[in-house]
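As a basis for the values below, the full set of heavy atoms in this structure was taken, side chains included, without hydrogen atoms, waters or symmetry mates.
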Amino acid sequence: MGKKIALNVLYNVGIIISLFVGYEGIATKNYSWTLGAVFIGAILVVLKIKLVKEVRELNKRR
């Protein structure tokens, strides 16, 4: 369970960093950064949703 908590924290930090990079990309009109940040952020959100579902299923079995 500790690994899942650490992975969740890592996903949260990655999402926050991608939001910051996306914002800075828009502010500096560097849209390639924005596109990359949106892509990475979307992947991290999908992985986080899968992790949350997995943890819920694990808790239901207990």
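The two residues Ser18 and Gly41 have their closest heavy-atom pair at OG-CA, 3.5 Å. Among all heavy-atom pairs drawn from Ala37 and Val21, the shortest one is CB-CG1, 4.0 Å.
Pairs passing the salt bridge (Lys or Arg N to Asp or Glu O under 4.0 Å) check and including a residue from residues 30-53, sequence neighbours excluded, do not occur. Identified under the salt bridge (Lys or Arg N to Asp or Glu O under 4.0 Å) test for residues 1-14, with sequence neighbours left out: Lys4-Glu54. Sorted by first and then second residue, the side chain to side chain donor-acceptor pair (under 3.5 Å) pairs with a member in residues 20-30 read Asn30-Ser32; sequence neighbours excluded.
Taking Ile43 as the reference, Phe39, Leu47 meet the side-chain contact (heavy atoms from CB on, under 4.5 Å) condition, with sequence neighbours excluded. By the side-chain contact (heavy atoms from CB on, under 4.5 Å) test, Leu35 is found to be paired with no residue, residues two or more places apart in sequence or in another chain being considered.
A chain of hydrophobic side-chain contacts below 4.5 Å, direct or via other Ile, Leu, Val, Met, Phe, Trp or Tyr residues, connects Val45 to Leu19. Residues Ile49 and Leu7 are members of one and the same hydrophobic cluster, defined by side-chain heavy-atom contacts under 4.5 angstrom among Ile, Leu, Val, Met, Phe, Trp and Tyr.
Within the model, atoms CG of Leu44 and CD1 of Ile15 stand 5.5 Å from one another, a figure rounded to the nearest 0.5 Å. Going from atom OH of Tyr31 over to atom CD1 of Ile26 covers 7.5 Å, rounded to the nearest 0.5 Å.
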